[in-house]
Every structure is written in C-alpha cells, then in structure tokens.
Amino acid sequence: MKKFSNSKNSLTAIGILSISLITTSTYAINGTLPMIRSELNLTQAQVETLVTVPSFALALLVLFSSLISTKIGERLTVNIGVGIIGLTGIIPFLTENYP
C-alpha cells in the first residue's frame, strides 16, 4: 500500500473516497422506492428518476473525468466534485417540493 508523503495527498485521497462513498450510496434507497411513491403521491416515473438521474450524471462525469482532471488538475477536480455533491446533498433538506 502506498504511503502518503504529505497532508495534501492524504486529503486528496480522502476526497476521492468521499466522492466514491456518496455516489454509490444513491442506490441505498432502492428498497424504499415503493414507500416513497405512496407517501409522496408520486408516479412510478418520478420515483425512478430519483435513481436514474444520478446514475446518468455519474456515468457522464466518469467518462469526462480524465479530460477534466488533465485540464484543471486532480486536486481541483476532487474539490469541485466534493463541492457539487455537498451542494446537491443539501438541496433536498432546504426544499419540500420534489418535482
């Protein structure tokens, strides 16, 4: 296993692991989709969008991540990724209107 020589490298590694954990946790709600649908009176399509949209976004960002990382640098790419995920994670807390 590679040792990290300074705190910047370890913070980058922690950032990458944070992004990975958060993006894979999207699928944790799959078992509750029927309850979400009935509780919020949503259509099946609206409920499935809760999982589909993040999956498409993740696929696109994975495709372009090396290009983005080459252009602006790995550290800045990780920081922007953590910022975007943090911001989009806070939005549902601030709004009560799903559609």
Side-chain angles (χ1 to χ4, degrees):
M1 183 163 27
K2 181 180 174 184
K3 290 189 176 187
F4 296 106
S5 59
N6 59 36
S7 63
K8 286 183 182 181
N9 287 341
S10 56
L11 286 176
T12 301
I14 290 169
I16 291 171
L17 291 173
S18 299
I19 291 171
S20 175
L21 176 67
I22 292 169
T23 55
T24 57
S25 66
T26 302
Y27 307 105
I29 67 165
N30 281 347
T32 63
L33 289 179
M35 290 179 279
I36 292 171
R37 179 180 178 207
S38 65
E39 196 66 32
L40 299 176
N41 297 319
L42 300 172
T43 66
Q44 185 69 26
Q46 288 174 319
V47 174
E48 289 173 357
T49 302
L50 288 171
V51 176
T52 305
V53 170
S55 298
F56 280 135
L58 181 63
L60 287 174
L61 289 174
V62 166
L63 286 174
F64 295 112
S65 65
S66 62
L67 178 66
I68 294 169
S69 181
T70 302
K71 295 284 184 189
I72 65 173
E74 184 179 291
R75 188 165 183 242
L76 186 56
T77 303
V78 169
N79 288 340
I80 290 172
V82 170
I84 290 171
I85 288 174
L87 180 65
T88 56
I90 292 172
I91 290 172
F93 179 74
L94 301 175
T95 183
E96 295 180 12
N97 188 359
Y98 163 70

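Reckoned from all heavy atoms, side chains included, excluding hydrogens, waters and symmetry mates.
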*Minimum heavy-atom distance Asn30-Pro34, with the two atoms named*: O-CD, 4.3 Å

*Would you please name every residue forming a side chain to side chain donor-acceptor pair (under 3.5 Å) with Glu74, sequence neighbours left out?*
none

_Minimum heavy-atom distance between Ser65 and Val62, given as atom pair plus value_ = OG-O, 3.1 Å

*With hydrophobic residues grouped by side-chain heavy-atom distances under 4.5 Å, do Ile90 and Val53 end up in a single group?*
no

_Note, Ile72 side chain near Ile80 side chain (heavy atom, < 4.5 Å)_ = yes

*Starting at CD of Gln46, measure out to CG of Asn41 and round the result to the nearest 0.5 Å.*
10.0 Å

*Single-linkage hydrophobic cluster, 4.5 Å side-chain cutoff, Leu76 and Val82 together*: no

_Main chain of Ile91, side chain of Thr95: is a donor-acceptor contact present, judged purely on distance under 3.5 Å?_
no

_Val47 versus Leu33, closest heavy-atom pair with distance_ = CG1-CD2, 3.3 Å

_Approximate separation, where rounding is to 0.5 Å, of Leu42 CG and Thr49 OG1_ = 9.5 Å

*Quick check: does any side chain N or O of Thr32 sit under 3.5 Å from a backbone N or O of Met35, one acting as donor and the other as acceptor?*
no

*CD of Gln44: more than 12 outside heavy atoms within 6.0 angstrom?*
yes

